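All figures in this text were calculated on a predicted structure; none of them were measured in a lab. In what follows, chains carry the letters A, B, and so on, assigned in the order in which the sequence lines appear, proteins first and then strands, with residues in each chain numbered from 1.
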Amino acid sequence: MYEFKLIEEKWQKYWQDHKVFEAAIDPKKKKYYVLEMFPYPSGKIHMGHVRNYTIADVAARFKMMQGFNVLHPMGFDAFGQPAENAAIKNNSKPDIWTHKCIDWMKIELKKMGFSYDWSRELSTCESGYYKWNQWIFLKMYERGLAYKGKAGVNWCPSCSTTLANEEVIDGGCWRCHTQVEQKDLEQWYLKITEYRERLLEDLKQLKNWPERVIAMQNNWIGKSLGVEIYFRLDNSDKIIPVFTTRVDTIFGATYIVLAPEHPLVKEIVKGKPQEKEVLKFIEKVSKETKQVRSKDDVKKEGVFTGCFCINPVNNEKIPIWTADYVLMEYGTGAIMAVPTHDQRDFLFAKEHKLPMRIVIKNPGSESNNPDELVEAYEDDGIQVNSGKFDGLSNSEAKIKIAEWMEKEKIGKIQTHWRLRDWLISRQRFWGTPIPMINCPKCGTVPVPYEDLPVKLPNDAPFTGEGGSPLGKVKEFTDVKCPKCKSLARRETDTMATFFDSSWYFLRFASPDFKKAPFDQKEARYWMPVDQYIGGIEHAILHLLYSRFFTKFFKDLGLIDFDEPFLQLLTQGMVLKDGEVMSKSRGNIVDPDSIISKYGADTLRLFILFAAPPETELDWDEKGMEGAHRFLNRVWRIQENLKSIADPQLLRILHKTIKKVSDDYAGFKFNTAIAGLMELVNAIYQYGADRNTFSILILLLAPIAPHFCEELWQQMGNKGSISKSGWPQYDPKMLIDDTVTIIIQVNGKVRSKLDVPQDISEKKVREMALCDDKVKPWIEGKAIKNIIFVPKKLLSIVI
RNA sequence: GGGCAAGUGGUGGAAUGGCAUACACGAAGGACUUAAAAUCCUUUGGCCGCAAGGCCGUGAGGGUUCAACUCCCUCCUUGCCCACCA
């Protein structure tokens, strides 16, 4: 039994005292920057963190042993609501709570033996960091990328703060899940939409990102090509623009629908007999939450406005409705309804007995009668009832009709985007103050660069209610206008914490740099991040914002690359009995208690062995025992070393070096460990010599570093094993003298032959045909064909 | 409704056109021990058979191939993400 507690403490101290993992520019060495998504300091690390950081640590240590100059930093995403909530609850201060949490988490992270360069540690709540948030904000403001806008914003009544669209999940607050309300406020936005084309285009560069993350980003940016069509109001010059991606169905538009919030609705019903009913309907819909309106099973409601408009392609007079299934936020807030080719329109038209016309012929149906439809036909087909476009395939017609409409000036080809500007204002204390001053004379005035940072006051009244706590601190709000020197009021909103995490990876290159967010010389060497690792929950927001900031820095001339993260790995969740570990379920396994029972090396080994990094991992304490048993099995090898290497074992050793090296490089840690276990099993069979054992220790070192450092030292080596180089295999040792050839008859395995590896096909044929196990299957039958795959198999077809 | 994954022994998983179930867990048996733990050894997909051996078997069905967990088509199930997006 090895004494994991003593060994782990000993080597953690050694790494710290000898600054083993402190990184510095070395132009002679190839750099490797490995980064995991930094944690929010909630107080304790959980198994998700352990898994994330263990994966990254093996990558870092493996690359280091291979001779790369590795940067592997760690920091804390320290601003945010929980600190403030804790302050409210405990009548304390957010910074005290946060620093306590950070200290505690650092202890736990160090116990895991991660190879961090702690000299680069950063926390986003330090003014030395958030000063640069403010600097970046001002640079964006100068370029018109930060602007103030009044808008209906998502308001969480529980946190009494606004939320970005992206932070609203199923109509609820992303943290507390309270139903989100709509509220009008003056807010700061970042114009991420200005970068949408590049954010979309550059996704193509990201060859080493998981496909699904690319797909999610794609959908989120949501570029759709379509046509804006101008419907003229009957007996008026007023134009109602309508956006469609299915312009091929325009000849089948039998009515149009305006969103109830559409400003035209009230205008056009004025004085009409329907006015009262329409206004009542608008009133009713305004009370519905977006949630209710988006439910699929809720019946689509709507009313006729009494007005008509003209379909510009055939001058048909069609009715105008308003209905709750049309959303003001998307497109133009108005749609053309084609009941035959859109299922929502179909259900609505059936309900309200509106006319229909088939314009895309379903190749699988004879009928041309819309009354016989049981649902809308949304697939491809041939144009009918579409004037001069009849007979074209609808995909062809889409382009032809769009071009024709643009020529006739009755429509315009348009691009629509789903991505909105990013709302960053928060009515919260524990965040970066937005560096702006509101002067009664000069209006909005930026804080001069030399006055940065705008520091958070030490104290503020925390009630959790009302607007920004900063608004109640007079020393903070009262300030002289930088322009006219008259009394002005400081902006009291703080920035969303996603701002902080959108560039921290650059700050790690030079965490103490005083003149800019980062030292260009350091950034040029270390960036971009070679391997980024984190949870899939950040697949959209955090990664999109980080990509946006990176492009912005490039435009400022500070860096010369487009994308911050070359390779991305999204690790799977850690489950317990098939369920997500969570406080509410009460099924949390505390890493700390596991470390004291088995040691960090065993925990690292188990968590990597139990499943591939990307898939879910079901926690199983029995598996921990197995992992621990394996380490003890390795430990005992040293008691019984032979002086001469067994030639059989030597071949297995070299194959293992290759397998483990390849598997580490491909993040296939579970099979790498399986390979090491096979090697250990072989050692127990053949007996190991010193060299074989040393190589085993080196191969295992990235996964169980303390354990291997100790054995490495006991073998008489000096210095850290992480600087000792990576074992190389001899390609000649991978080739066996003999190979096993599989003999198949009609695809079924009937025999196996052990033969010299360079044997001729003729010889194998001869051996196979007179093989005792093969004979009965081919006797008296005509051989049609024989397929020979060298070194693998011979397949006889009869 | 759309997109992306995935579905393999009692369990976690391995194999990405060429011996299905590597490695581990669990289970059963044995050695050592006064005993237990630890350790070591053996067995462990199903069915038939004393055995040799045979047949079946990777969610279901079909296809391509000498050969399919792997490629193609249809479907089912689960997970994740998106969604009255026009």
Side-chain angles (χ1 to χ4, degrees), chain A residues 1 169-170 210-220 222 224 226-227 229 242-247 249 253 256-257 259 290 293-296 298 300 323-327 329-338 341-345 347-348 378 416-418 536-537 539-540 570 572-573 575 578 605-606 609-612 614-627 629-630 632-633 636 668 670-681 684 740-752 773 776 784-789 791-798:
Chain A
M1 286 290 270
I169 296 152
D170 288 337
E211 249 181 74
R212 63 182 187 136
V213 175
I214 302 275
M216 282 156 79
Q217 294 245 331
N218 242 318
N219 289 342
W220 194 260
S224 62
V227 178
I229 303 171
V242 156
F243 177 72
T244 183
T245 53
R246 286 296 305 272
V247 74
T249 65
I256 74 169
V257 188
K290 218 174 142 185
R293 269 179 77 179
S294 326
K295 277 251 170 72
D296 255 347
V298 172
K300 287 127 180 51
D324 59 0
Y325 77 99
V326 175
L327 303 177
E329 300 92 89
Y330 191 83
T332 60
I335 63 151
M336 65 173 200
V338 186
H341 304 295
D342 182 293
Q343 185 63 13
R344 289 155 304 169
D345 297 341
L347 292 173
F348 191 80
E378 295 182 338
H416 266 256
W417 300 81
R418 221 192 74 103
I536 188 76
E537 68 272 21
I540 299 173
T570 51
M573 279 190 289
L575 309 178
L605 178 68
F606 166 71
F609 181 55
E614 300 88 347
T615 57
E616 289 175 341
L617 183 153
D618 210 338
W619 181 260
D620 172 22
E621 182 126 2
K622 285 269 169 45
M624 278 296 297
E625 307 240 2
R629 204 175 297 160
F630 171 71
N632 274 317
R633 221 165 126 79
R636 284 194 304 271
K668 289 155 80 180
N670 54 332
T671 52
I673 294 166
L676 290 170
M677 286 173 167
E678 282 182 83
L679 177 60
V680 170
N681 289 345
Y684 271 76
T740 305
I741 302 251
I742 307 300
I743 311 298
Q744 292 185 344
V745 179
N746 275 4
K748 284 200 189 283
V749 179
R750 295 303 177 189
S751 185
K752 295 169 192 182
K773 287 177 186 153
K784 273 206 267 181
N785 195 7
I786 294 181
I787 290 139
F788 179 66
V789 181
K791 295 176 205 180
K792 270 189 183 157
L793 95 168
L794 185 88
S795 183
I796 303 166
V797 189
I798 54 166

Self-check item: Spacing between A/Lys792 atom NZ and B/U16 atom C1', to the nearest angstrom
Solution: 12 Å
Quiz item: Atom CG of A/Asn219 and atom CZ of A/Arg418: how far apart are they, to the nearest 0.5 Å?
Solution: 8.0 Å
Self-check item: Pair assignment for B/A14, Watson-Crick or G-U wobble, requiring both distances under 3.5 Å
Solution: none
Practice problem: Taking atom C1' in both B/A27 and B/U78, compute the distance separating them and give it to the nearest angstrom. | Solution: 29 Å
Practice problem: Looking at every strand, decide which applies to A/Val789 at a 4.0 Å heavy-atom threshold: base, sugar-phosphate, or nothing. | Solution: base
Quiz item: If we take the P atom in both B/C85 and B/G10, what is their distance in whole Å?
Solution: 44 Å
Practice problem: Taking atom P in both B/C19 and B/C71, compute the distance separating them and give it to the nearest angstrom. | Solution: 16 Å
Exercise. Scan every strand shown for a Watson-Crick or G-U wobble partner of B/G1, both distances under 3.5 Å, and answer none if you come up empty.
Key: B/C82
Quiz item: Rounded to the Å, how far apart are A/Trp220 CH2 and B/A83 C1'?
Solution: 11 Å
Nucleotide N/O of nucleotides 23-32 of chain B paired with protein N/O under 3.5 Å:
residue : atom : partner  : partner atom : Å
B/A24   : OP1  : A/Asn681 : ND2          : 3.2
B/C25   : OP1  : A/Arg629 : NH1          : 2.7

Quiz item: Side chains of A/Asn681 and A/Arg633: donor-acceptor distance under 3.5 Å anywhere?
Solution: yes
Self-check item: A/Pro210 versus A/Thr570, closest heavy-atom pair with distance
Solution: CG-OG1, 4.0 Å
Quiz prompt | Rounded distance (Å) that lies between atom P of B/G2 and atom CG of A/Asn218 | solution = 19 Å
Quiz item: B/A5 C1' sits how many Å from A/Ile214 CD1, rounded?
Solution: 15 Å
Quiz item: Okay, side chain of A/Gln217, backbone of A/Ile540: is any donor-acceptor separation there less than 3.5 Å?
Solution: yes
Quiz item: Is the shortest heavy-atom distance from the side chain of A/Lys773 to the side chain of A/Ile743 under 4.5 Å?
Solution: no
Self-check item: N or O in side chain of A/Asn219 less than 4.0 angstrom from B/A83 OP1/OP2
Solution: no
Quiz item: Once you round it to whole Å, what is the distance between C1' of B/U65 and CG of A/Leu793?
Solution: 13 Å
Quiz item: Rounded to the Å, how far apart are A/Ile796 CD1 and B/U65 P?
Solution: 21 Å
Practice problem: Under 4.0 Å between any heavy atoms, over every strand shown, what does A/Asn670 touch: base, sugar-phosphate, or nothing? Just pick one. | Solution: sugar-phosphate
Quiz item: Which word best sums up how the rings of A/Tyr325 and A/Phe348 line up, parallel for under 30°, tilted for 30 to 60°, or perpendicular for over 60°?
Solution: tilted
Exercise. Both distances under 3.5 Å, Watson-Crick or G-U wobble: report the partner of B/G49, or none.
Key: none
Quiz item: OP1, OP2 of B/A38 versus side-chain N and O of A/Arg636: anything below 4.0 Å?
Solution: no
Practice problem: Quick one: label A/Pro612 by what it contacts on the DNA or RNA (base, sugar-phosphate, nothing), any heavy atom closer than 4.0 Å. | Solution: sugar-phosphate
Exercise. Examine B/G53: is either OP1 or OP2 under 4.0 Å from a nitrogen or oxygen in the side chain of A/Arg750? Give yes or no.
Key: no
Quiz prompt | Interatomic distance at C1', B/U21 relative to B/C56, whole Å | solution = 15 Å
Self-check item: Closest listed nucleotide, where the reference is the side chain of A/Ile540 and the choices are B/C4, B/C81, B/A15
Solution: B/C81
Quiz item: What is the nucleic acid contact for A/Ser795, judged by heavy atoms within less than 4.0 Å: base, sugar-phosphate only, or nothing?
Solution: base
Quiz item: Has A/Arg344 got a side-chain N or O lying under 4.0 Å from the OP1 or OP2 atom of B/C85?
Solution: yes
Exercise. Determine whether any donor atom in the side chain of A/Glu616 lies under 3.5 Å from an acceptor atom in the base of B/G79, or the reverse, and answer yes or no.
Key: no
Self-check item: Straight-line distance of A/Leu794 CG to A/Ile787 CD1, nearest 0.5 Å
Solution: 9.0 Å
Quiz item: How far does the P atom of B/U43 sit from the matching atom of B/U11, given to the nearest Å?
Solution: 22 Å
Exercise. Could you please name the partner base of B/G57, counting Watson-Crick and G-U wobble pairs only when both distances are under 3.5 Å?
Key: none
Quiz item: If we call it a pair only when both distances are under 3.5 Å in a Watson-Crick or G-U wobble match, what pairs with B/A27?
Solution: B/U43
Quiz item: Toward the 5' end of RNA chain B, which comes first, A/Asp342 or A/Ile787, by nearest nucleotide?
Solution: A/Ile787
Quiz item: Expressed in whole Å, how much space separates the C1' atoms belonging to B/C75 and B/C82?
Solution: 24 Å
Quiz prompt | Atom pair OG1/CG of A/Thr615 and A/Asn670 - distance to nearest 0.5 Å | solution = 7.5 Å
Quiz item: Going by a 90° cut-off around 0, is B/G9 syn or anti?
Solution: syn
Quiz item: What interatomic distance, in whole Å, is found between C1' of B/G17 and the corresponding atom of B/G79?
Solution: 28 Å
Quiz item: Taking atom C1' in both B/C72 and B/G9, what distance in whole Å separates the two?
Solution: 28 Å
Self-check item: A/Ile335 side chain near A/Ile256 side chain, heavy-atom distance below 4.5 Å
Solution: no
Practice problem: Please report, rounded to the nearest Å, how far the C1' atom of B/A6 is from the CZ atom of A/Arg212. | Solution: 10 Å
Quiz prompt | A/Tyr684 side-chain proximity, nearest of B/C40, B/C19, B/C66 | solution = B/C40
Exercise. Give a yes/no on whether any side-chain N or O of A/Lys748 is located under 4.0 angstrom from OP1 or OP2 of B/G53.
Key: no
Quiz item: Can you name the nearest heavy-atom pair linking A/Lys784 to A/Ile798, along with the distance?
Solution: CE-O, 4.1 Å
Quiz item: What does A/Lys784 touch in the nucleic acid at a heavy-atom separation under 4.0 angstrom: a base, only the sugar-phosphate, or nothing?
Solution: nothing
Quiz prompt | Interatomic distance where CD belongs to A/Glu614 and P belongs to B/A14 [whole Å] | solution = 10 Å
Practice problem: Would you mind telling me which residue lines up with the more 5' stretch of RNA chain B, A/Thr615 or A/Arg418, judged by nearest nucleotide? | Solution: A/Thr615
Self-check item: Selection from B/G53, B/C82, B/C40 that lies nearest to any side-chain heavy atom of A/Lys773
Solution: B/G53
Exercise. Please name the pair of heavy atoms, one in A/Ala259 and one in A/Leu327, separated by the smallest distance, quoted to 0.1 Å.
Key: CB-C, 4.0 Å
